[in-house]
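In this text, all values refer to a predicted model and were calculated from it rather than measured experimentally.
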Amino acid sequence: MALVFTFIWIRGTLPRLRLDQLMNFAWKFMLPLALVNIVTAGVWHFMGAGPLRWVVCSALIFGSYAILAGD
């Protein structure tokens with residue numbers, strides 16, 4: 001009963017996403033982040049081990065997130 005109550009409560013309180021809002025989020029935010037993730041994985045693989053690898057990859061991920069979140 002607690003699980004059913006939780007599902008009903010969450011569905012009743014959270015706003016519903018329209019399909020156009022969900023597609024807008026996917027195309028404008030999630031797809032570019034996925035492509036940045038692929039590039040970051042390539043950079044991670046081909047860079048030498050060390051702290052510079054962490055700095056460059058973190059800058060790629062968090063920088064792209066900051067740029068995309070600013071819209």
**OP:** Any chance you could measure Trp9, atom CH2, to Leu14, atom CG, to the nearest 0.5 Å?
**Re:** 9.0 Å
Original post:
Just wondering, are more than 12 heavy atoms of other shown residues or ligands nearer than 6.0 Å to OH in Tyr65?
Top reply: no
Original post:
Which value, rounded to the nearest 0.5 Å, describes the distance between Leu3 atom CG and Ile8 atom CD1?
Top reply: 10.0 Å
**OP:** Report the distance from atom CG of Leu35 to atom CE of Met30, rounding to the nearest 0.5 Å.
**Re:** 11.5 Å
Could you go through residues 44-63 and list every donor-acceptor pair under 3.5 Å that involves a side-chain atom there, pairing it with any protein atom two or more places apart or in another chain?
unit_1 : atom_1 : unit_2 : atom_2 : d
Arg53  : NE     : Trp44  : O      : 3.2
Arg53  : NH2    : Trp44  : O      : 3.1
Arg53  : NH2    : Met47  : O      : 3.3
Ser58  : OG     : Trp54  : O      : 2.7

